[in-house]
Each structure stands twice: as structure tokens, then as C-alpha cells.
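To keep things clear, I will list the structure first and then write my remarks on it.
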Amino acid sequence: MKLITAFFLTCSLALAACGSDGGTTDQATAPGDAAADEPSNGTLRVFAYEDSVTPEMMDPFQEQNPDLDIKTATFDSNSEAAAKLAGGFEADVVEVCLDEAEPLLRRNQLRAIDTSGVPEWDRIAFHDSEGVTADGEPIVVPLSAGPHGVIYNTEEVPDGINSYADLFDPDYEGRSAIEGDYALPPIAVAALATGIEDPMNMDQAELKEVGDYLDENREQFRALWRSDSDLVNLFKSGEVVVSDGNSGQVARMKKAGLPVEWAAPAEGTLSWVCGFGITSKADNLQAAYRLINWQASAKAQAIRGRNGYVVTNPEALPLVPEADRETADPSSLDKAIPETYPAIYDDWVKTFQRFQASS
């Protein structure tokens with residue numbers, strides 16, 4: 001059996017010769033039924049967040065396709081992914097989050113999904129959510145979701161926290177963290193902490209207020225975490241005792257023996273949805289659809305549910321341990337605030353960059 005190997009960007013993004021923006025936006029035609037049932041071979045290149053390409057998620061797929069050479073690489077945001085793809089990085093499948101897809105779309109880096117090749121499509125939760133389609137065509141198959149709330153160390157913060165505003169409490173100065181891989185989460189969190197109830201639709205005046213608030217509180221944060229591993233290590237080292245984050249990250253920390261809990265913020269829980277899309281330059285469409293269908297299957301979705309995430313295939317719920325079923329249920333996000341792409345997002349980016357640079 002071939003091992004899943006990692007692959008890395010080997011040419012500088014600054015070199016124009018490595019590639020250029022653009023690519024076809026035609027539909028990625030799914031293989032016929034007979035071809036779809038055949039094990040895949042050749043090479044499949046997968047570019048995703050780290051939690052979507054763990055051995056737990058990918059090894060069963062490798063076993064189903066022993067002659068397929070699976071190459072995986074990870075990123076911290078879709079904007080990073082879009083830049084690397086534009087710079088010549090090659091992938092067949094890319095993870096797309098509904099609030100982050102715009103950089104990929106601007107460069108025509110995604111092909112429309114042929115839903116006839118995704119048998120679970122009609123039952124997949126969130127398949128009709130804002131951001132799943134572009135120009136009327138689906139660009140992503142939702143495969144994971146979750147609530148974005150607050151996390152605290154139960155030993156260091158025995159009374160717990162239940163608010164985004166608590167992340168800015170002076171009692172936690174230098175021991176708090178906030179997501180920093182891209183602009184949307186920290187700005188949305190800060191907006192809710194300051195009393196703005198509809199962060200995704202802020203106007204310029206509200207955005208300025210939030211930006212000023214973040215700049216004034218830069219010293220509050222020990223770190224701006226960029227990945228699940230970053231956040232786990234910050235809690236493990238004791239550098240951080242409170243942070244924003246999702247329930248899946250807490251499940252991972254608990255498996256590592258860390259004393260942590262997740263809480264739904266009083267201001268309202270943010271929610272995210274991510275899934276797999278097919279790149280404009282994908283070569284192995286048969287394997288791409290087989291991977292998507294594996295990750296959409298009840299068995300694969302049950303793995304997500306056991307790891308603290310919301311499943312997108314409701315058929316997985318009976319396979320999820322009873323203790324995790326409530327958080328795995330898609331209905332748990334019914335009252336959450338969906339993270340969507342803001343109309344003035346370019347200004348969000350500028351605001352966030354100023355926050356990053358502040359001291």
C-alpha cells in the first residue's frame with residue numbers, strides 16, 4: 001500500500017514563471033457510475049486544513065484505493081491557498097470555507113461541482129447555505145461545520161468564561177489568544193464583544209470602532225493563533241488560558257489530557273462551514289469525487305462527530321457516541337451567526353493588518 005505523502009511548495013510565490021492567476025470555471029464532470037465505483041489510481045493532490053487530512057480521515061480512503069498516490073498539504077486560510085495556487089502550487093482538491101472562498105473565486109481557481117457525482121448531495125446539511133454556490137453553480141461540498149465560541153483552562157479559570165468580551169478582560173492580559181490566520185474571526189469576535197449584533201454587515205463606522213478597539217487591546221493577547229496545532233500548543237504550554245475557538249479544537253485538547261472547556265458566548269455563537277472543492281486545474285477527477293464521497297459518507301462524518309465537529313451527513317448521527325451527538329447535530333447551529341464574506345472585506349483585511357502590526 002502506498003503511504004500518504006506530504007508535498008510542499010517548491011517555487012517562490014514571487015516568481016511569475018511559477019504560474020499565473022486564472023483557470024477554467026467549467027464544471028468538473030463526474031465520472032459515470034461504473035468508473036465511480038472503481039478504485040482510483042494515479043495521483044491525487046489534496047490541499048486542505050490540517051483537520052481534514054489527518055490519518056484518521058485519510059487512511060481508510062487510502063485502503064479503499066491502494067494504487068492511488070495521495071499527496072497532501074495544508075494551509076492556514078483560503079487566501080493563503082489561493083496565493084499558492086496562483087504561484088504554481090498544484091492540487092486537485094482544495095478545502096473551501098464559505099466565508100473565505102472569495103480569493104479562490106477571484107482567480108477562477110474552482111470548477112463547478114457536478115452534483116450527480118455526489119450521491120449524498122441532497123441530504124448534506126448546509127448544501128443550500130450562502131456561499132456554497134457562485135453564479136448559480138455549486139463550488140463546494142460541505143463536509144464539516146462547527147460553532148466558534150470561547151475556550152478556557154478549567155484549572156486556571158475555575159469560574160469559566162461565557163463571553164467574547166471575557167477575552168478582553170484585563171485579568172487575562174498576556175494570557176489570552178485570538179484567531180489570527182485571517183481577518184474575519186478576530187474582527188467578528190471583537191465586534192460582538194463591543195455590542196455590534198450583526199458583525200458580517202458592519203458599515204465603515206462600525207468597522208473603524210472595532211479596529212480601534214482591537215488596536216487598543218493588542219497587548220491583551222499573548223498570541224494570534226493560526227492553526228489548531230498552534231492553539232493546542234498555547235494551552236499545553238500554559239501561555240494561554242482563554243481564547244476563541246471551536247468545539248473540535250477542545251475535543252482535540254481533551255484527548256491530549258488538557259483541562260479545557262468550550263462555551264457558547266452570551267453575545268451569540270459564530271458558526272463556520274467548510275468542504276471540498278475541485279480546482280480549475282484538477283487532473284484526477286475520478287479520484288477527487290471518490291475522496292469527496294468518502295468524506296461525505298456516514299462513516300467518515302462519524303469521525304468528524306467524534307472529534308467535536310458538526311456533521312453534514314445526518315446519517316452519521318447514529319454512529320456518533322451518544323455523548324457527542326448533541327454537538328454533532330447540524331441543528332445545533334440553527335441559531336448561530338453564520339460566518340459569511342463581508343461586503344467590505346477588503347477593509348476588514350486592512351483593519352486586521354493594522355492590528356497585527358500594532359504593539
Counterpart residues, ring-ring contact (aromatic ring centres under 6.0 Å, His included), relative to W262 (two or more places apart): none
Within a strict 4.5 Å, meaning less than it, do heavy atoms of the [X] and [Y] side chains meet?
X	Y	result
K254	V260	yes
L258	K236	yes
L110	I278	no
D166	V242	no
T279	F47	no

Might you point out which heavy atoms bring [X] and [Y] nearest each other, and give the distance in Å?
X	Y	answer
F276	I292	CB-CG1, 3.8 Å
P330	L317	CD-CD1, 4.3 Å
G277	I113	CA-CD1, 4.3 Å
A188	W348	N-CZ3, 4.0 Å
A28	L285	CB-CD2, 4.0 Å
A264	T269	CB-OG1, 3.5 Å

Would you list the pairs meeting disulfide (SG to SG under 2.5 Å) in which at least one residue belongs to [range], sequence neighbours left out?
range	result
residues 120-181	none
residues 170-287	C97-C274
residues 165-236	none
residues 103-219	none

message: Is it true that E261 and N153 share a donor-acceptor pair across their side chains at a distance under 3.5 Å?
response: no
message: Is a donor from one side chain sitting under 3.5 angstrom from an acceptor on the other, for D347 and Q204?
response: yes
field: Residue pairs passing the salt bridge (charged side-chain N to carboxylate O under 4.0 Å, His left out) test where at least one lies in residues 289-312, sequence neighbours excluded
entry: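 Not a single pair qualifies under salt bridge (charged side-chain N to carboxylate O under 4.0 Å, His left out).
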- prompt: What salt bridge (charged side-chain N to carboxylate O under 4.0 Å, His left out) pairs are there with at least one residue in residues 315-325, not counting sequence neighbours?
  reply: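 Counting only pairs at least two positions apart or across chains, the salt bridge (charged side-chain N to carboxylate O under 4.0 Å, His left out) contacts touching residues 315-325 are R123-E315.
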Show me, pair by pair, the donor-acceptor contacts under 3.5 angstrom made by side chains of residues 133-150, not counting sequence neighbours?
from	atom 1	to	atom 2	distance (Å)
H148	NE2	D244	OD2	2.9

Please tabulate, one pair per line, all N/O donor-acceptor pairs under 3.5 Å involving side-chain atoms of residues 331-342, not counting sequence neighbours.
from	atom 1	to	atom 2	distance (Å)
S331	OG	D329	OD1	2.9
S331	OG	D329	OD2	3.4
S332	OG	D329	O	2.7
Y341	OH	R106	NH2	3.4

- prompt: For D33, does the CG atom sit with more than 12 other heavy atoms under 6.0 Å from it, leaving out its own atoms?
  reply: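 Not more than 12 within 6.0 Å, no.
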For a quick test of your reading: what N or O donor-acceptor pairs under 3.5 Å do the side chains of residues 171-182 make, sequence neighbours left out?
from	atom 1	to	atom 2	distance (Å)
R175	NH2	D171	O	3.3
S176	OG	L167	O	3.0
Y182	OH	D99	OD2	2.4

query: Run the ring pair (Phe, Tyr, Trp, His ring centres under 6.0 Å) check on F235 and Y152 step by step: do they pass?
result: CA-CA 9 Å; F235 273 91; Y152 61 93; 9.2 Å; no
- request: State plainly whether the residues R111 and D26 are in salt-bridge range, i.e. N to O under 4.0 Å.
  value: no
message: Starting from Y309 and following side-chain heavy-atom contacts under 4.5 Å between hydrophobic residues (I, L, V, M, F, W, Y), which residues can be reached?
response: W272
query: Which residues satisfy the side-chain contact (heavy atoms from CB on, under 4.5 Å) test with D283, sequence neighbours excluded?
result: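 Result, side-chain contact (heavy atoms from CB on, under 4.5 Å) vs D283: R45, D92.
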